[in-house]
Amino acid sequence: MGPHPAVAAIRLAVRRVLHDILNDHTPEAGSPERPPSPPLVLVACSGGADSMALASALAFESSRLGVRAGGVTVDHGLQPGSDLRAEEVVLRLRGLGLDPVESTAVTVGRAGGPEAAARDARYSALDAAAERHGAAAVLLGHTRDDQAETVLLGLARGSGIRSLSGMAAVSGGPGAARRYRRPFLQLDRQTARKACLVQSLPVWDDPHNADPAYTRSRLRHEGLPALEKALGKGVVEALARTAQLSRDDADALDAWAGQAESAVRDAAGLLECAKLYALPPAVRRRILRRAAIEAGAPAGSLFARHIEEVDRLITGWRGQGVINLPGKVVAQRQGGRLVIRQG
């Protein structure tokens, strides 16, 4: 008799990702390199159902595929006893057979709000752990439900198709374009929880996940249930599908903008307004955003309204003056050219 369907589902999802990692790690045919040592894959584990299910599946599949498996838990220090809870998670991961396993404590700042600050601190710690151990990849336990929430948050921000594309199945860290892998983006949260239950894996429910002070928590416990009541149970799947379609579209538009950029610059490298005007708005605005970031505008502070204002220098030119952008960057139109530079 095979494993429970929920356990089979999480293991299959992890197996597919480990195969991808092994393919990335294998030298190309004809390469003089000796076969590399087995890659190390870390799981980021909070002790919650999603990441514990992920850790269990990694422990099971890694030995069968010749992958070394370890784990990292991040202590955000936001609740009393968080250090003790992190130690418990370390023991659970070691009990699954993972090695190396470590807990790393972080200091959460305030920039961008509590949720964004905690996320930034967590990823910095995971990047550092991956570098320290020479890990080929870090697995994250985000599910289809998390993806649906991310799409809705992006929709509420009104910042364009990229914000609707949610989380990528594969994304990068500093100097590592494919560090983070999310095997569970096609699985719902209930599958992960069920897998923990049938394997008798203890899980910890973070009280922040039910705290109405946090936007994502309100969306999870109030917003999505209300949408499901009004529109039916397929909302989560539809939102996750929207994320993938939006990501494909956004990637195509980014590629188009990258190819078009050289064609709209003059011999001195300045952007020509007439050539920019001829481009579709979605492509033109991507070029403007990239130029602003290259001039020193922080990507996280550069919003759609900033780019729309710069875009009006091209599409609604009435002799406007200098436009101030984040990072002390200025944009202005001079003699048919768009100049974006440090002010």
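A quick note: this is a predicted structure, and the numbers were derived from the prediction, not measured.
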Any side-chain donor near an acceptor of the partner, S171 and R181, under 3.5 Å = no
Co-membership, hydrophobic cluster, residues V329 and I287, 4.5 Å side-chain = yes
Taking H25 for the side chain and S37 for the main chain, is one N or O donor matched with an acceptor at less than 3.5 Å?
-> yes
How many angstroms lie between CG in D205 and OG in S46, if you round to the nearest 0.5 Å?
-> 9.5 Å
Polar side chain donor-acceptor pair, S103 to D75, under 3.5 angstrom | no
Mind checking whether L58 and L40 sit in one hydrophobic cluster, side chains of I, L, V, M, F, W, Y counted as touching below 4.5 Å?
-> no
Between P100 and H133, which heavy-atom pair has the shortest distance, and what is it?
-> CG-ND1, 3.7 Å
Rounded to the nearest 0.5 Å, what separation is found between the CZ atom of R193 and the CG atom of D50?
-> 7.5 Å
Same cluster (ILVMFWY, side-chain, under 4.5 Å), L153 and V235 = yes
Side-chain contact test, heavy atoms from C-beta onward, threshold under 4.5 Å: evaluate it for P39 versus R68 and give yes or no.
-> no
Are M167 and L42 linked, directly or through other ILVMFWY residues, by side chains that come within less than 4.5 angstrom of each other?
-> no
Do the side-chain N and O atoms of Y277 and D311 include a donor-acceptor pair separated by under 3.5 angstrom?
-> no
Just list the side-chain donor-acceptor pairs under 3.5 Å for residues 288-295, sequence neighbours left out, or say none.
| residue | atom | partner | partner atom | Å |
| --- | --- | --- | --- | --- |
| R289 | NH1 | L302 | O | 2.9 |
| R289 | NH2 | A299 | O | 3.3 |
| R290 | NH2 | D254 | O | 3.4 |

Do you know the tightest heavy-atom contact between S51 and V43?
-> O-CG2, 4.3 Å
Group every Ile, Leu, Val, Met, Phe, Trp and Tyr by side-chain heavy-atom contacts under 4.5 Å, then state whether L271 and V330 land in the same group.
-> no
Should I323 and E309 count as side-chain neighbours, where that means a heavy-atom distance under 4.5 Å?
-> yes
Are any of the side-chain heavy atoms of V67 and I21 separated by less than 4.5 Å?
-> no
Taking every non-hydrogen atom, the tightest pair across A53 and A195 | CB-CB, 4.5 Å
NE2 on H142 to CZ on R189, rounded to 0.5 Å = 10.0 Å
Going by an N to O cut-off under 4.0 Å, is there a salt bridge joining E61 and R11?
-> no
When rounded to the nearest 0.5 Å, the distance separating CG of L325 from CZ of F303 is 12.0 Å
To the nearest 0.5 angstrom, please state how far the CG atom of L84 sits from the CD atom of Q79.
-> 12.5 Å
Return yes if some donor-acceptor pair links the side-chain N/O of R178 with the main-chain N/O of A176 below 3.5 Å, else return no.
-> no
Beyond-backbone contact of D188 with T143, side-chain heavy atoms, under 4.5 angstrom | no
The reported gap from NZ in K233 to CG in L231 (rounded to nearest 0.5 angstrom) is 12.0 Å
Can you tell me if CH2 on W204 sees more than 12 non-hydrogen neighbours from other groups inside 6.0 Å?
-> yes
Would you confirm whether R182, through its side chain, and A169, through its main-chain N or O, come within 3.5 Å as a donor-acceptor pair?
-> no
pair L12-R15: side-chain heavy atoms closer than 4.5 Å = yes
Any side-chain donor near an acceptor of the partner, S124 and D127, under 3.5 Å = no
Do you see a donor-acceptor pair shorter than 3.5 Å between the side chains of H4 and Q199?
-> no
Taking everything shown except R132 itself, do over 12 heavy atoms lie less than 6.0 Å from its CZ?
-> yes
Could R241 and E237 be called an ion pair, given the rule that one side-chain N must be under 4.0 Å from one carboxylate O?
-> no
Report the C-alpha separation of L54 and I10 in whole Å, then their side-chain angles, then the decisive distance to 0.1 Å, and conclude whether the side-chain contact (heavy atoms from CB on, under 4.5 Å) test is met.
-> CA-CA 7 Å; L54 182 59; I10 65 169; over 6 Å; no
Expected output: side-chain T104 to main-chain A125 donor-acceptor under 3.5 Å = no
Going by atom types only, do D249 and S246 share a side-chain donor-acceptor pair under 3.5 Å?
-> no
Which residues share a ring pair (Phe, Tyr, Trp, His ring centres under 6.0 Å) with H76, sequence neighbours left out | none
Set of residues satisfying ring pair (Phe, Tyr, Trp, His ring centres under 6.0 Å) with respect to F60, sequence neighbours excluded = none
Just wondering, do R286 and I307 contact through their side chains at under 4.5 Å, heavy atoms?
-> no
Do T315 and R284 meet the criterion of a side-chain donor-acceptor pair at a distance under 3.5 Å?
-> no
Using the side chain to side chain donor-acceptor pair (under 3.5 Å) rule, take R144 and T191 through it: C-alpha gap first, then chi angles, then the decisive distance, then the call.
-> CA-CA 10 Å; R144 187 170 65 190; T191 298; over 6 Å; no
Is the number of heavy atoms from other residues, nucleotides or ligands within 6.0 Å of CD (Q332) greater than 12?
-> yes
Student check: side-chain heavy atoms of Q320 and R312 closer than 4.5 Å = yes
Does V74 reach the side chain of L126, with side-chain heavy atoms less than 4.5 Å apart?
-> yes
